[in-house]
**Student:** 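Handing you this structure, nothing more for now.
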Amino acid sequence: MSALLSCFGCCGGSEETTPPSTTRKDEKKTTENKEQQQKSATSTVAQKTTATERETNVTVSNKPKVLIIYCKSRFSYREDQQFNFFLDSTYGHIKKLADHVKKGLEKSGSCDVELFQVPETLSEDILKKMGAPPKPNDPVLTFENHDKLVNADGFIFGFPTRFGAVCAQMKAFFDSLGHLWQKGSLNGKLASFFFSTGTQGGGQETTAWTAISQLAHLGLLYVPCGYTFGSEMFSLEEPHGGSPYGPGTFAGADGSNQPTPYEVQYAEHLGKYFATVVQRFH
Ligand SMILES: Cc1cc2nc3c(=O)[nH]c(=O)nc-3n(C[C@H](O)[C@H](O)[C@H](O)COP(=O)(O)O)c2cc1C
């Protein structure tokens, strides 16, 4: 049968066995059918595409998601009211840098950004005795919200130095991620840091090192800034925090020092730089 059909196909058949009028009608019908099938297939695809586009527009952002997670300041130097040092530093040094890192990420236009504080580990009573400044309004990244970490592409952590190391509050946050570590949920995501110390030589780089081990265990990829901020990083003209490990600021022994223009610009640069790196991995 197939041999027969192929023979008709090749020689066109004979007028006796296959009248030309019938062939043309059949051909016309076949062509019409094909056109109809094509039309309906096209419209089905169009409908599907439109539905997908609609879904995409409504629910999904294609941009990488970056979370800035910082430690709120608890330390006040104002126990004695003769000092007014913290009057324009209600939110602390790390919070200030965090806002500039956010600005940099937002300016890149290529990321979705959210800013979080880590949960408090001290009681209200102790905080009161310490004279801790009021808490910023940024949301706290509680255990219940850890799915935000799983759904993100990168993290920028900010913390003050305590005795040359990452502060206990941030360490407690890292420690709370054991369940995500167990599932490997954070493997291959990106992470950077920014810091604050009281003084030069107070340990910004040793603080970075104590935090790098957290990243290694969690499977996070460290994104140091290197010397991407430019030649000013080599300048000795005025004291400034920060290093190839990330931006930083010096609060001063009494906390009165505010982040310098260099330091806030470096914080903003971290945001922009991180955006380019996370985009490459996306
Ligand atoms: C218990 C404690 C330990 C500290 N250890 C250091 C330190 O090792 N090196 C340093 O330069 N500053 C040290 N500081 C100063 C803080 O790092 C500084 O107050 C902080 O970075 C200011 O940032 P904030 O306003 O966001 O809290 C320490 C402060 C406290 C309360």
Side-chain angles (χ1 to χ4, degrees), residues 67-80 83-104 115-141 155-175 192-214 238-268 270-271:
L67 310 186
I68 303 165
I69 302 168
Y70 73 93
C71 229
K72 56 187 171 285
S73 179
R74 297 153 158 171
F75 199 59
S76 171
Y77 301 87
R78 275 198 298 173
E79 264 173 55
D80 184 335
F83 297 114
N84 285 327
F85 293 131
F86 263 58
L87 282 181
D88 75 340
S89 180
T90 322
Y91 294 145
H93 300 79
I94 283 294
K95 163 66 178 165
K96 275 200 174 162
L97 293 189
D99 286 339
H100 285 277
V101 173
K102 184 163 183 266
K103 208 188 257 186
L115 188 62
F116 288 103
Q117 308 176 58
V118 296
E120 183 52 78
T121 53
L122 298 177
S123 68
E124 282 301 321
D125 189 35
I126 298 284
L127 290 171
K128 207 171 159 191
K129 283 181 181 155
M130 286 170 73
K135 292 171 187 172
N137 290 326
D138 302 317
V140 176
L141 190 54
F155 313 106
I156 305 183
F157 299 104
F159 34 84
T161 291
R162 295 288 184 261
F163 303 129
V166 60
C167 68
Q169 202 183 348
M170 183 54 84
K171 179 67 170 69
F173 175 74
F174 283 128
D175 290 357
S192 279
F193 306 130
F194 55 98
F195 321 92
S196 160
T197 51
T199 58
Q200 292 185 72
Q204 289 193 7
E205 291 164 47
T206 54
T207 302
W209 273 106
T210 60
I212 286 169
S213 72
Q214 319 295 311
E238 62 175 43
H240 59 75
S243 72
Y245 293 88
T249 187
F250 301 133
D254 57 7
S256 63
N257 224 39
Q258 291 304 298
T260 65
Y262 171 99
E263 290 165 345
V264 297
Q265 279 162 25
Y266 189 4
E268 201 171 310
L270 167 63

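Order of appearance sets the numbers: ligands from 1, and atoms from 1 within every ligand.
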**Student:** Evaluate the side-chain proximity of Met170 to Gln214: yes if any heavy-atom separation is below 4.5 Å, no if none is.
**Tutor:** no
**Student:** Pairs of nitrogen or oxygen atoms closer than 3.5 Å, one from Gly198 and one from ligand 1: do any exist?
**Tutor:** yes
**Student:** Of all heavy-atom pairs between Pro136 and Gln117, which one has the smallest distance, and what is that distance?
**Tutor:** O-NE2, 3.0 Å
**Student:** Does some non-hydrogen atom of Gly203 fall short of 4.0 Å from ligand 1?
**Tutor:** no
**Student:** Look up atom CG in Asp138 and atom CD1 in Ile68, then write down how far apart they are to the nearest 0.5 Å.
**Tutor:** 9.0 Å
**Student:** Distance-only criterion, 3.5 Å: show the donor-acceptor pairs between side-chain atoms of residues 192-200 and protein atoms not counting sequence neighbours.
**Tutor:**
unit_1, atom_1, unit_2, atom_2, d
Ser192, OG, Val223, O, 2.5
Thr197, OG1, Thr199, O, 3.0
Thr197, OG1, Gln204, NE2, 3.1

**Student:** I want to confirm something. Looking only at heavy atoms, which of Asn257, Leu97, Ile94 is nearest to atom 26 (O) of ligand 1?
**Tutor:** Ile94
**Student:** I need the atoms of ligand 1 closer than 4.0 Å to a non-hydrogen atom of Thr161, numbered in the order shown.
**Tutor:** 4 (C), 5 (N), 6 (C), 7 (C), 8 (O), 9 (N), 13 (C), 14 (N), 16 (C), 17 (O), 28 (C)
**Student:** Under 4.0 Å between a Lys/Arg side-chain N and an Asp/Glu carboxylate O for Lys171 and Asp175?
**Tutor:** yes
**Student:** Check whether any side-chain heavy atom of Glu268 sits under 4.5 Å from a side-chain heavy atom of Lys102, and report yes or no.
**Tutor:** no
**Student:** Which atoms of ligand 1 have any heavy atom of Thr197 under 4.0 Å away?
**Tutor:** 10 (C), 11 (O), 12 (N), 17 (O), 21 (O)
**Student:** Show which atoms of ligand 1 fall inside a sub-4.0 Å distance from at least one heavy-atom site of Gly202.
**Tutor:** 7 (C), 8 (O), 9 (N), 10 (C), 11 (O)
**Student:** Judged on heavy-atom distance to atom 3 (C) of ligand 1, which of His93, Gln200, Arg162 sits nearest?
**Tutor:** Arg162
**Student:** Using a strict 4.0 Å cut-off to heavy atoms of Gly92, name the atoms of ligand 1 that fall inside it.
**Tutor:** 25 (O), 26 (O)
**Student:** Is there at least one pair of N or O atoms, one from Ala251 and one from ligand 1, spaced under 3.5 Å apart?
**Tutor:** no
**Student:** Which pairs would a plain distance check flag for residues 240-253, meaning a side-chain donor or acceptor within less than 3.5 Å of a matching protein atom at least two apart in sequence or in another chain?
**Tutor:**
unit_1, atom_1, unit_2, atom_2, d
His240, NE2, Ser235, O, 3.4
Ser243, OG, Tyr245, N, 3.0
Tyr245, OH, Trp209, NE1, 3.1
Thr249, OG1, Glu263, OE1, 2.6

**Student:** Any nitrogen or oxygen of Thr199, side chain or backbone, less than 3.5 Å from one on ligand 1?
**Tutor:** yes
**Student:** Any heavy-atom pair between the side chains of Phe173 and Thr121 that's under 4.5 Å?
**Tutor:** no
**Student:** Have a look at ligand 1 and work out which part of Ser196, if any, has a heavy atom under 4.0 Å from it: side chain, backbone, both or neither.
**Tutor:** both
**Student:** Going by the atom numbers of ligand 1, which of them fall below 4.0 Å from some non-hydrogen atom of Gly164?
**Tutor:** 7 (C), 8 (O)
